[in-house]
2 protein chains.
Amino acid sequence: MDTQMNNNEKLKCSIEYTLKKIGGKWKTVILWHLGVDGSLRYNELRKLLSGVTHKVMSQQLKELEEDGFIDRTQYNTIPPKVEYALTEKGKTLMPILEQMHLWGTEHSDNS
Amino acid sequence: MDTQMNNNEKLKCSIEYTLKKIGGKWKTVILWHLGVDGSLRYNELRKLLSGVTHKVMSQQLKELEEDGFIDRTQYNTIPPKVEYALTEKGKTLMPILEQMHLWGTEHSDNS
DNA sequence: CAGTATCCATCAGGATACTG
DNA sequence: CAGTATCCTGATGGATACTG
């Protein structure tokens with residue numbers, strides 16, 4: 001259903017496909033936080049990323065939404081409130097993210 | 001031992017660290033092929049990547065070597081022969097790569 | 001609060017040619 | 001065979017200001 005290739009270049013290895021989807025600078029981190037914390041609001045997420053700008057945030061969120069990894073729920077209140085959460089498809093990425101998180105924890109000096 | 005941060009920016013999440021290390025366009029694919037096929041020569045690897053240029057290949061290989069993920073063995077014969085293989089540290093990445101490969105296989109239309 | 005709109009910087013990645 | 005050396009391009013990401 002969502003298996004169309006939007007560019008016609010031939011991928012030689014399915015790993016490339018995966019990397020294309022989640023290789024954005026903040027995508028794995030966004031997905032990870034949503035997976036761990038459940039749903040998060042825009043600014044909550046932004047604080048967790050600490051350093052990302054609005055433009056890049058919304059850009060990455062939009063791409064993740066278009067790829068069907070996250071759901072965006074907008075409450076038309078004043079002030080506005082928007083919540084992001086993983087979709088079922090997004091949850092299928094968690095094993096990758098868990099491995100990446102595990103490896104990063106063991107190999108980085110990020111105390 | 002290799003836990004120094006070569007840039008002083010603070011990472012907020014260990015996933016970022018992992019992505020920095022293997023997020024290069026060809027790195028995961030190189031590591032994957034080396035993990036599956038054992039050791040490979042420069043041109044064998046290059047054929048498997050199909051499309052990569054010399055410059056980018058050697059660049060990615062050099063970075064992977066500097067990060068301690070791959071070993072470079074040079075035979076001073078004529079013609080020269082160079083073999084690349086995963087180090088023990090490189091092998092610790094395999095669980096991530098396996099998950100990425102699995103996910104990519106299931107979600108891409110790459111027949 | 002949750003974004004767009006602009007404009008700009010960077011650098012990873014690429015084409016091509018040369019070399020030990 | 002296995003690379004460097006140059007030079008170049010473009011996509012990604014960033015700073016800042018404005019908005020429904």
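Residue numbers begin at 1 in each chain, while the letters A, B, ... track the order of the sequences.
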Just so I know, are the side chains of B:Trp32 and B:Glu98 near enough to count as touching, which here means a heavy-atom distance under 4.5 Å? yes
Which nucleotide, D:dG13, C:dG3, C:dC1, lies nearest any side-chain atom of A:Arg72? C:dG3
Spacing between A:Leu49 atom CG and D:dG14 atom P, to the nearest angstrom: 10 Å
Is a side-chain N or O of B:Thr92 found less than 3.5 angstrom from the main chain of B:Lys89, in a donor-acceptor match? yes
Roughly, in whole Å, what's the span from CD1 in B:Ile78 to C1' in C:dG20? 10 Å
Assign B:Lys27 to base, sugar-phosphate, or nothing according to its heavy-atom contacts below 4.0 angstrom with the strands shown. nothing
Flag the pair A:Asp71 / A:Glu65 as yes when at least one side-chain heavy-atom distance between them is below 4.5 Å, and no otherwise. no
To the nearest Å, how far apart are B:Glu44 CD and D:dA2 P? 8 Å
From the list C:dC1, D:dG14, C:dT4, which nucleotide is the closest neighbour of the side chain of A:Lys62? C:dT4
For A:Gly104, does its backbone N or O pair with a side-chain atom of B:Thr18 as donor and acceptor, under 3.5 Å? yes
With sequence neighbours left out, which residue pairs that include part of residues 46-73 of chain B fulfil the ring pair (Phe, Tyr, Trp, His ring centres under 6.0 Å) condition? A:Trp103-B:Phe69, B:Tyr42-B:His54
Rounded to the Å, how far apart are B:Tyr84 OH and D:dG3 P? 3 Å
On the nucleotide C:dC1, are OP1 or OP2 found under 4.0 Å from the side-chain N or O atoms that A:Arg46 carries? no
Taking atom P of C:dT19 as reference, at what distance in whole Å does atom NE2 of B:His54 sit? 15 Å
Could you write out DNA chain D as dot-bracket? Rules: Watson-Crick or G-U wobble, both distances under 3.5 Å, brackets [ ] for crossings, | for pairs with another strand, dot for unpaired. ||||||||||||||||||||
Rounded to whole angstrom units, what separation is found between the CG atom of B:Leu19 and the C1' atom of C:dA12? 14 Å
Please tell me which of the listed nucleotides, D:dT16, D:dG3, D:dG13, lies nearest to the side chain of A:Thr53? D:dT16
Tell whether B:Lys55 reaches the base of C:dG13 with its side chain through a donor-acceptor pair below 3.5 angstrom. yes
Between B:Tyr42 and D:dT4, is there a contact of a side-chain N or O with OP1 or OP2 at under 4.0 Å? no
Of the listed nucleotides (C:dC1, D:dA2, D:dG14), which one gets closest to any side-chain atom of B:Asn43? D:dA2
Please answer whether the main-chain N or O of B:Lys55 pairs with a side-chain N or O of B:Ser58 as donor and acceptor at a distance below 3.5 Å. yes
Sugar-phosphate only, base, or nothing, as touched by B:Arg41 at under 4.0 Å among non-hydrogen atoms: sugar-phosphate
Considering every strand and a 4.0 Å limit on heavy-atom distances, what is the contact class for B:Tyr75: base, sugar-phosphate, or nothing? nothing
d(CD, A:Glu83; P, C:dG3) in whole Å: 12 Å
Expressed as a whole number of angstroms, how long is the span from B:Gln59:CD to C:dA15:P? 14 Å
So, is B:Ser58 near the phosphate of D:dT4, with a side-chain N or O under 4.0 Å from OP1 or OP2? yes
Reckon A:Val82 touches a base, only the sugar-phosphate, or nothing at all at heavy-atom distances under 4.0 Å? sugar-phosphate
Among A:Lys21, A:Lys20, A:Lys62, which residue meets the side-chain contact (heavy atoms from CB on, under 4.5 Å) test with A:Asp67? A:Lys21
Is B:Gln60 touching bases, backbone alone, or none of the nucleic acid, heavy atoms closer than 4.0 Å? sugar-phosphate
